[in-house]
Amino acid sequence: MGPAQAGWVRNAVGSLAVLAVVAAAAFGLPVLDRGMAAGRPVAPGVPYDVGGGVTVIPPAAAWVDVTRTRPGLQRGTALFVVSGVRLAIAAGPYRGSLAEAADRLRAKITSAPGYQMAGQARPFATDQGVAGLLGPFNSSGRLGEYAVVVDHDREAEVTVSGPEEDLRRLQRSLDASLASVAFVGGG
Amino acid sequence: MAAPSQAGAESGKGGGRNGGGWGRGLDGHGGGRWARLAARPSLWMLTLLLVLGGIRMAGIFQHFFSLYPVAASTATILFLGYAVPFVIVVRAIDFLERQPPVLQAAAFGWGALVATSAAIAAGTALSDILAKLASPRFAAQWGPAVAAAGIEEILKMLGIVAIALVGRRHLNGLVDGLVYGALVGLGFQVTEDIVFAMNAVAIGPGTDQVPPVIATFLLRGFLGGLWSHTLFSALAGAGVAYAVVRRDRPGLVRAGVLIGLLLAAWGFHFLWNSPLLSDGFGFGVLGAIVVMLIKGVPALLFGLALVFAAERREADYYAALLAGVGDPRIATRQEIAALVSPRSRVRARQHARLRLGRAGGRAVRRLQRAQARLAVAISRDPGAEVVRRRREVLVCRHRLMALSIAASGAPERRYAFAAASAAVVAEAVVVGLILLGLGYAIAALGGS
């Protein structure tokens, strides 16, 4: 093999090595991630720290999806799954009114393709006594409910969605979870 | 100099015209140049990844622009504008041996398109894996340090390796590695900052509003911009350059320096992203600023020390080549001394501006560039290229002499005081703007 051919081979090997590492990072790691189970059981009836100074009692028999759960100091998110129903909660700092927070959450929901509001929002209060707004939405094959709670400079956004049958069956447990949203050190 | 001499290698300037076996990129002249390039697998690899990364990032940006057109446009304009001072600094570092624009663009593109698109997927996956293996809390706190810093530094470093594969001839000194590394990092930084700004819009108001973009710009640009991807990747770039160029050193040493500098890049990135001292010692905003300086300044000092050392070696090497010409029409001893550092180059131009006006400053700048090109040509090709560059220097010399003759007898312009005053005022304005930005960012983020 002449020097030119050897150079070409080295160049090809180096290029393939770069390509392989990039592919391993971009595709290999996500495949590895998907191969590992994301669900973890949660202790029943115990407040779960969502982050951002907010806790919630997950629905009975729910699992937490650890890939969608990130309890940070300032902000936090958690996703609970029970049967076909998903309860997602996001908490973080907020400056504004409850109505504005509800508008914002509605805009986020309807920005997803196929999602629309299905009725008027109505007021509700958490077990801690913090006022919130709650309303229905739907998409093809799924119904949902959103709730927003604002406490001084913090807020919690909750969305519950799933097949109608599952939602109806778990209604009481889900309502209890919504009402259990609490601001640590607040109320 | 026909080939990388021992002196060249020891001064950190390896390569030369027979630049090595990985493939001599963008080298040669005439019609065969592109044919040779096209036959190089690394060029196809680089093109493929740039196209794939571009498609992926275009999809992400299209999503941003369709949801938040005003915020996305503002973020893009702000962060592209923000890159300009970095490019100016990189060009000042790269003065003596200017890298080909196409390779510089490729390095920026790798950072902006390839490394970012791969890092988005890989970083998310790695953070999820951390959450599964440890806990969501661990992933939230340490994910950016453990997952993001590690994967991003490796992906960015691969960009410099790709440049070395495509344009080996142009990576022949530590400064070249620093320059390509900085450009890869800058591309990454700009794209990542835009993505962060848009995430701030989505998480915050959730509607097309500009304030979260401004807050992100001030926070990531002014407070964290100096010790970010541009700096980290420059360190890794110097490591790659050392491993590629210093063929006179044992393989273990070269690998050790490469790994050491990559670890330094990763370590500084890890420290910056880590939650360590995130409570700001309990002193609120002031404490947070102190922590930011504690985390960022060591990286900046380390990077600056590396840049100065590498520049000095490169400058000494080229200065010796110019001195070897032994022709004061090409370069006087004072001009060679002025050529070796950005500050002395600027001082020489300022001096000429004072004596001969703006045209004089421009003439000295052109002469300096011509002298630098000649030095590079001597290091690579003792033939036609040197003759051409030598002629170029002489033309610049004649222009400067003509200006000097025309200005002889005229009183020396006394702009020194005005120039110094303007510099002080400009610096004060910049510091004021930074402080204003700091205040705005803190206010926008509610004092967090």
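Fair warning: this is a prediction, and the values are worked out from it, not measured in the lab. In what follows, chains carry the letters A, B, and so on, assigned in the order in which the sequence lines appear, proteins first and then strands, with residues in each chain numbered from 1.
- When the heavy atoms of residues 158-174 of chain A are compared with those of chain B, none of the residues falls under 4.5 Å.
- The backbone N or O of A:Ile57 sits less than 3.5 Å from a side-chain atom of A:Ser177, completing a donor-acceptor pair.
- For chain B, the nearby parts of A:Asp49 are the backbone and the side chain; heavy atoms of each come within less than 4.5 Å.
- Residue contact with chain A, scored on non-hydrogen atoms closer than 4.5 Å, involves the backbone and the side chain of B:Ser127 alike.
- No donor-acceptor pair under 3.5 Å is formed between the side chain of B:Thr191 and the backbone N or O of B:Phe188.
- Taking all atoms of both residues into account, the shortest heavy-atom contact from B:Ala162 to B:Met45 is CB-CE, 4.0 Å.
- Across all non-hydrogen atoms, the minimal contact from B:Trp110 to B:Leu155 is NE1-O, 2.9 Å.
- Only the side chain of B:Leu67 comes within less than 4.5 Å of a heavy atom of chain A; its backbone N, CA, C and O stay farther away.
- Checking side-chain atoms of A:Arg75 against main-chain N and O of A:Pro71 turns up no donor-acceptor pair under 3.5 Å.
- Put simply, the side chain of B:Asp128 does not reach to within 4.5 Å of the side chain of A:Val66, judged on heavy atoms.
- Interface remark: B:Ile129 contributes backbone and side-chain atoms alike to the contact with chain A (heavy atom separation under 4.5 Å).
- At distances below 3.5 Å, at least one donor-acceptor pair connects side-chain atoms of A:Arg154 with backbone N or O atoms of A:Gly53.
- The environment of CD in A:Gln116 is crowded: more than 12 heavy-atom neighbours from other residues, nucleotides or ligands sit within 6.0 Å.
- Residues of residues 14-21 of chain A having a heavy atom under 4.5 Å from any heavy atom of chain B, listed by number: A:Gly14, A:Ser15, A:Val18, A:Leu19, A:Val21.
- Inspection of the A:Asn11 and B:Ser42 side chains reveals an N or O donor paired with an N or O acceptor under 3.5 Å.
- The contact between B:Leu49 and chain A is made entirely by side chain atoms (from C-beta outward), counting heavy-atom distances below 4.5 Å.
- Listed for the A:Asp153 side chain is no donor-acceptor partner under 3.5 Å among the backbone atoms of A:Arg95.
- For the pair B:Glu153 and B:Ala265, the tightest heavy-atom approach, listed with the atom from each and the gap, is OE1-CB, 3.7 Å.
- Between B:Ala241 and B:Gly177, the shortest heavy-atom distance links the atoms CB-CA, 3.6 Å.
- With a 4.5 Å cut-off on non-hydrogen atoms, B:Leu52 does not touch chain A at all.
- Taking all atoms of both residues into account, the shortest heavy-atom contact from A:Ala25 to B:Ile151 is CB-CD1, 4.2 Å.
- Heavy-atom pairs under 4.5 Å with chain B peak, among A:Ala23, A:Gly92, A:Ala24, A:Ala37, at A:Ala37.
- For A:Tyr94 (side chain) and A:Ala101 (main-chain N/O), a donor-acceptor pair under 3.5 Å exists by modelled atom type.
- For the set A:Lys108, A:Glu157, A:Met36, A:Arg34, the count of heavy-atom pairs under 4.5 angstrom toward chain B peaks at A:Met36.
- The local environment of CZ in A:Arg86 is sparse, with at most 12 non-hydrogen atoms from other residues, nucleotides or ligands closer than 6.0 Å.
- Residues of residues 136-149 of chain B that come within less than 4.5 angstrom of chain A, heavy atom to heavy atom, are B:Pro136, B:Arg137, B:Ala139, B:Ala140 in numerical order.
- Listed here is the closest heavy atom pair of A:Val181 and A:Gln128: O-OE1, 4.3 Å.
- Without hydrogens or angle criteria, B:Asp208 side chain to B:Val70 main chain gives a donor-acceptor distance under 3.5 Å.
- Neither the backbone nor the side chain of B:Ala115 has a heavy atom closer than 4.5 Å to any heavy atom of chain A.
- With respect to the salt-bridge test (charged N to carboxylate O, under 4.0 angstrom), the residues A:Glu145 and A:Arg122 qualify.
- When heavy atoms are compared at a cutoff of 4.5 Å, A:Pro93 does not approach chain B at all.
- When the heavy atoms of residues 40-48 of chain A are compared with those of chain B, the residues falling under 4.5 Å are A:Arg40, A:Tyr48, listed by number.
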Query - Step-by-step side-chain contact (heavy atoms from CB on, under 4.5 Å) determination, B:Glu192 to B:Arg220 - result: CA-CA 10 Å; B:Glu192 187 190 58; B:Arg220 295 185 65 85; 2.7 Å; yes
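- Neither the backbone nor the side chain of B:Leu46 comes within contact range of chain A; no heavy atoms are under 4.5 Å apart.
- Residues A:Val149 and A:Phe124 are in side-chain contact: their nearest non-hydrogen atoms beyond the backbone lie under 4.5 Å apart.
- The main-chain N or O of A:Val85 is never found under 3.5 Å from a side-chain atom of A:Ser83 such that the two would form a donor-acceptor pair.
- A:Glu155 places no side-chain N or O within donor-acceptor distance of the main-chain N or O of A:Val148, the cut-off being under 3.5 Å.
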